[in-house]
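Just so we're clear, the structure is a prediction, and the values are computed from it rather than from any experiment.
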Amino acid sequence: MTLNIILFIIYLVLSFYGVFLLLDILFRWIPSLYEYKLPRIISEVASWYFGVFENRIVFGGLDLSRLVGIFIYQAIASLFIGGSFFGLF
């Protein structure tokens, strides 16, 4: 029972951080948003994770490292709740 609660709390924290990661990807499409403080804070928080993948998977001028990073993050987060990975497993 206690282990389930701990795993659920870890999953909630990872889910909240996942929202930051997705917001960072969305904010990158609109560079003018970085004039405001909130997108810069979210970018700083997300850069801790995305920095590992930065410029590793590039096809032409398209950088797919953040997409791969989100995929891996979702797979890891789904392990904590015992749920499915995007409904595939």
Contact summary for Pro39 and Tyr36, nearest pair of heavy atoms: CD-O, 3.5 Å
Cluster check Leu67, Val58: I/L/V/M/F/W/Y, side chain < 4.5 angstrom: no
Name of the residue among Ile57, Leu21, Ile25 meeting side-chain contact (heavy atoms from CB on, under 4.5 Å) with Arg66: Ile25
Parallel, tilted or perpendicular, as decided by the 30° and 60° cut-offs, for the rings of Phe20 and Tyr17: parallel
Positive for ring-ring contact (aromatic ring centres under 6.0 Å, His included) with Tyr73, one of Phe53, Phe50, Tyr49: Tyr49
Candidate pair Glu35 and Arg40, rule side chain to side chain contact (heavy atoms under 4.5 Å, CB included), full reasoning: CA-CA 8 Å; Glu35 296 174 7; Arg40 285 183 298 194; over 6 Å; no
Evaluation steps, side chain to side chain contact (heavy atoms under 4.5 Å, CB included), between Ser43 and Phe27: CA-CA 8 Å; Ser43 179; Phe27 288 161; over 6 Å; no
Gap separating the CG atom of Leu26 from the CG atom of Leu33, nearest 0.5 angstrom: 10.0 Å
